[in-house]
Amino acid sequence: MAGRRLSGVPLRGSYPAAVAMALLALCPFIVLSTASLLLRQPLMRDLGGGMFGAQLAGGLSNAGYSFGAVAAADLIQRVPGRLFLTCEAGFVAGSLLAALAPGIALFTAGRVVQGAATGMLLVAALPPLVTNHGAEKLPLTAAFVNLGLFGMVTLGPLVGGIAEGFAAWRALFIGTAVLGVIGLLIGALAFERAEPPSRRIGFDYSAIPVAAAATVLPFFGVSWLSRGSFTSIGFLLPVILGLLALGTLMVRQYRKPRALMPLKLLAHTLPVTGVSIAMVAGAGFTTLIELAVIYLLDVAHRPPMETGALLATQIAGLVAAAWLFKTMLTTRWLPALAFTGTGLVAAGGALLLWLPPVPVIAVAGALLGFGAGAGVAPGLFMAGLSVPSNRLGPTFALVELLRAEAAFLIGPVLVHIAMLSDDLAQGIRLTILIMVLIVLAGAVVLLGLLLAGSARPHAPDLRSWLAGESPAYHSPRLGAAFRGQGPT
């Protein structure tokens, strides 16, 4: 069916329609994930709930996104076609609920629905786009995925600054609803209604409830820091229980014969390195951008629109990274690009240590945007290409779960540390330094992991992968160099 149109349905099988459908499904929520950094004041003013309410709305929406991806990995086995349309409609409903909410409780509910719907759409929309249009289009598709997932994160501060500057946050959420409606219409015409691969497989009771605890509890806990401390029970208990649930989920998925997420297939050198790079680079980028926003708003006292404009250089960096990613996807140098991106996230953070000169922030933004695009997306594809193509959806779900846990747990913790300082500027510099050191340490450890695996750089076999015959990467086991196994 791939690459050809069906009679009577002009968009079905259309590559441009598939790209538009996937981007419209994912981009609106992803823009909001960073736009909301500049919307906290108007949200607190118009909806009440204080800083905790605003933080909790964002935290639980991210929890919904992470959980939605895992839940979709289960549901996609039984209802692939209906899942896309139902989730897109759910996103529209959540957007309207958030836009029209009279108070913080209904706004939070709308944001959670938005997040859960987008997490499900990640699994419902991205794998068909990647696998259904041939090896020739795969590099271009990967570039669109990069721009859609991570490019929209870089666009968020600019959009949020404009919305805050014009007191138009409700209009912004209505706009996301409109984009959702357009995505729903295109999806109704273009989505491939494939037969469910495993209709008889029942609900995965070993994964879904545990995944809910692994996402909701820690995101609630870090949100509590806006009204408590690191020693408060409202922070410690949910974070500890949530991380224990996450560890339990990973262990059970590894050991289960028919696991929801292919953890055992991913427990090799290249995919572990790729997933970890996505986590490290994603957490570094998200945290550093949030700290830069706080500095510009609360220390430099720049207006929100100017703050968003200064950080818009991220977009240029991301576009350059997406082009390079497209060029290198079919070569043996994709892991090198991922490590380069991680290094540039650290370099952008190092520049932010000289925060007072405003032009420095613009340069740092470009480096951070390039680093995110060159680090996170290649890491995602290093994992996805290391499993058979029919397991791509659950693999994306696992990577996004772990990436979101890292990014949206580390960030609030470091922001709280910065806020504890008597001198906010010095507190921000300290936490930037901590984040840079975390990224650098992660890169060094992961490089050691890659070398210990004795993996020779090699180009992925995309045609065999798309045919479902084998992974595109043949990765050695972890620590192969110490097991007496030669390079592969």
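Heads up: numbering here begins at 1 and tracks the sequence. These numbers come from a predicted model, not from an experiment.
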- Is the closest side-chain heavy-atom distance between Thr395 and Pro262 below 4.5 Å? yes
- Message: Main chain of Leu263, side chain of Gln253: is a donor-acceptor contact present, judged purely on distance under 3.5 Å?
- Response: no
- Task: May I ask you to decide if the ring planes of Tyr15 and Phe144 are parallel, tilted or perpendicular, using 30° and 60° as cut-offs?
- Result: tilted
- Item | Note, Leu225 side chain near Met419 side chain (heavy atom, < 4.5 Å) | no
- Query: Do side-chain atoms of Ser386 reach the backbone of Met382 as a donor and acceptor pair under 3.5 angstrom?
  - Reply: yes
- Message: Less than 3.5 Å apart, any donor N or O on the side chain of Gln114 or Ser95 sitting next to an acceptor on the other?
- Response: yes
- Can you name the nearest heavy-atom pair linking Ala292 to Leu311, along with the distance? CB-CD2, 4.3 Å
- Query: Around Lys256, counting heavy atoms of other residues, nucleotides and ligands shown, do more than 12 lie under 6.0 Å from its NZ?
  - Reply: yes
- Query: Taking only residues two or more places apart in sequence or in another chain, which ones pass side chain to side chain donor-acceptor pair (under 3.5 Å) with Glu88?
  - Reply: none
- Within the side chain of His416, is there an N or O that forms a donor-acceptor pair under 3.5 Å with the backbone of Leu414? no
- Tightest non-hydrogen contact, residues Ser223 and Leu56, listed as OG-CA, 3.7 Å
- Task: Compare every heavy atom of Phe235 with every heavy atom of Ser229, then report the nearest pair and how far apart it is.
- Result: O-CB, 3.7 Å
- pair Met120-Phe84: side-chain heavy atoms closer than 4.5 Å: no
- Sidechain-backbone polar pair: Asp74 side chain, Val70 backbone, donor-acceptor under 3.5 Å: no
- Which heavy atom of Leu288 sits nearest a heavy atom of Val345, and at what distance? CD1-O, 3.7 Å
- With side chains defined as the heavy atoms from C-beta onward, is the minimum distance between Met435 and Ile410 less than 4.5 Å? yes
- Is there a donor-acceptor contact under 3.5 Å from the side chain of His268 to the main chain of Leu265? yes
- Side-chain contact, heavy-atom cut-off 4.5 Å: Arg111 with Leu60? no
- Item | Check: Trp224 ring centre within less than 6.0 Å of Phe219 ring centre | no
- Can you sort out the partners of Ser464 under side chain to side chain donor-acceptor pair (under 3.5 Å), two or more places apart, ordered by chain and number? Asp461
- Task: If a pair satisfies ring pair (Phe, Tyr, Trp, His ring centres under 6.0 Å) and one of its residues is in residues 313-338, list it, with sequence neighbours excluded.
- Result: Phe325-Phe381
- Go through the side-chain N and O atoms of Gln55 and Arg40 and say whether any donor and acceptor fall under 3.5 Å apart. yes
- Query: Quick check, are the ring centers of Phe29 and Phe91 under 6.0 angstrom apart?
  - Reply: no
- Message: Could you report the tightest heavy-atom contact between Ala443 and Phe339, atom names first, then the distance?
- Response: O-CE2, 3.6 Å
- Message: So Leu172 and Leu39, do their side chains get closer than 4.5 Å, heavy atoms only?
- Response: yes
- Tightest non-hydrogen contact, residues Ala364 and Leu352, listed as CB-CD2, 3.6 Å
- Query: Does the side chain of Leu462 come within less than 4.5 Å of Leu385's, by heavy atoms?
  - Reply: yes
